[in-house]
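Notes for the one structure printed next.
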Amino acid sequence: PRRLLHAANPQAVTDAPASGSAWTIVRPTAFAETLVAFLAAPIRGSGRAFVFGRGDNPINFVAAADVAAIIDRAMAGAPAGAVVEAAGPENLTLDQAVAEIRELLGRPGPTVHVPLSILRAAAAVLRLVTPDIARLAARGVAMAPASLHFAADRLDTAPFPAVARNRLPAGAPASGPRGGGLAGTE
């Protein structure tokens, strides 16, 4: 049977039944490891954290290892035609994530909130020059007003501080794609 393991696009939920094949979709929330990488590099470097928008939108982050375990369980026992949610046990804002990482790294410093108007302009201008950065800016614009929380009271997954601790061993360099540093992306 064909199983779609990741569906960020809700259209997949509509298209899968029409495929005529058995299917299961596992839909993870944003990956915690990605956020840690984006935030930790500039905090370790300059001490500054860069957050897209106001940083006050609750978002659910899940550990990649938890998603893998959920996929294993889904492959072993989910009935065909199931949509399985993979989420972390808590919702937190980007400002809260910055605070957690700062505490783990022992690095106080400023948080720079990049206004959405700047992100919109950056996404348009950078599209031709650096498409990767333009996509990050566009995702930040999309995520800022979106409802990205998850009712996670029944989940047995790793909390964000535990993921960050595992991602940030003492003395290890932290880096995101192309130096990263901008939160608000997946």
Side-chain angles (χ1 to χ4, degrees), residues 6 8 27-71 86-116 118-123 126 129-150 152 155-186:
H6 180 270
R27 290 195 306 199
T29 59
F31 286 98
E33 292 86 352
T34 302
L35 183 64
V36 171
F38 277 116
L39 292 175
I43 291 172
R44 277 198 168 144
S46 69
R48 287 190 187 110
F50 294 90
V51 172
F52 288 168
R54 295 185 319 233
D56 61 356
N57 185 23
I59 302 171
N60 188 278
F61 295 95
V62 64
D66 288 329
V67 174
I70 291 166
I71 289 171
E90 62 196 345
N91 301 304
L92 71 158
T93 67
L94 295 176
D95 284 341
Q96 290 171 322
V98 166
E100 292 281 355
I101 291 169
R102 284 192 185 289
E103 184 176 324
L104 287 169
L105 294 175
R107 288 290 312 254
T111 298
V112 177
H113 291 90
V114 182
L116 295 180
I118 300 294
L119 291 174
R120 283 186 194 96
L126 295 174
V129 182
T130 55
D132 291 344
I133 301 300
R135 276 191 294 278
L136 293 176
R139 284 184 185 154
V141 170
M143 287 179 69
S147 174
L148 301 171
H149 68 282
F150 190 86
L155 301 173
D156 183 26
T157 52
F160 184 82
V163 175
R165 266 192 306 279
N166 289 335
R167 257 328 249 190
L168 299 172
S175 64
R178 295 187 187 231
L182 300 175
T185 62
E186 293 186 310

Q. Would you say the side chain of F61 lies within less than 4.5 Å of the side chain of T34, judging by non-hydrogen atoms?
A. no
**Q.** For D66, side chain to side chain donor-acceptor pair (under 3.5 Å) partners two or more places apart
**A.** none
Q.
On a heavy-atom basis, which atom in A37 and which in R167 lie closest, and how many Å separate them?
A. CB-NH2, 4.2 Å
Q.
If you apply the rule side chain to side chain contact (heavy atoms under 4.5 Å, CB included), what do you find for V98 with V51, and how did you get there?
A. CA-CA 9 Å; V98 166; V51 172; 3.8 Å; yes
**Q.** Member of N166, V163, V62 meeting the side chain to side chain contact (heavy atoms under 4.5 Å, CB included) criterion with E33
**A.** V163
(Q) Let me confirm one number: the CG-CD distance from N91 to Q96, rounded to the nearest 0.5 Å. (A) 9.5 Å
(Q) On a heavy-atom basis, which atom in T93 and which in P58 lie closest, and how many Å separate them? (A) CG2-N, 4.0 Å
Q | CD1 on I101 to CZ on F160, rounded to 0.5 Å | A | 4.0 Å
**Q.** Distance, nearest 0.5 Å, that separates OG1 of T130 from CZ of R135
**A.** 9.5 Å
Q | Heavy-atom pair of closest approach, residues L116 and G53 | A | CD2-CA, 4.0 Å
Q | Closest heavy-atom pair and its distance - V67, A86 | A | CG2-CB, 4.1 Å
Q | Contacts of type side chain to side chain donor-acceptor pair (under 3.5 Å), residue R120, not counting sequence neighbours | A | none
Q) Do you know the tightest heavy-atom contact between A134 and A123? A) CB-O, 3.5 Å
Q.
Within this structure, what is the CZ-CG distance for the pair R102 and D95, rounded to the nearest 0.5 Å?
A. 10.0 Å
Q: Mind jotting down which residue pairs meet the salt bridge (Lys or Arg N to Asp or Glu O under 4.0 Å) criterion with at least one end in residues 104-115? Sequence neighbours excluded, please.
A: none
Q: Indicate the atoms forming the closest heavy-atom contact of L119 with A137, along with that distance.
A: O-CB, 3.7 Å
Q. Say you draw a straight line from OG1 of T29 to CD1 of I59; how long is it, rounded to the nearest 0.5 Å?
A. 10.0 Å
Q. Mind checking what makes side chain to side chain contact (heavy atoms under 4.5 Å, CB included) contact with E103, not counting sequence neighbours?
A. none
Q: Return the set of residues passing side chain to side chain contact (heavy atoms under 4.5 Å, CB included) with P161 (not counting sequence neighbours), or none when no residue passes.
A: E90, E100, P159, R165
Q.
Run the side chain to side chain contact (heavy atoms under 4.5 Å, CB included) test against A68 and tell me which residues pass, sequence neighbours left out.
A. none
**Q.** Among T111, L35, N57, side chain to side chain contact (heavy atoms under 4.5 Å, CB included) partner for L94
**A.** L35
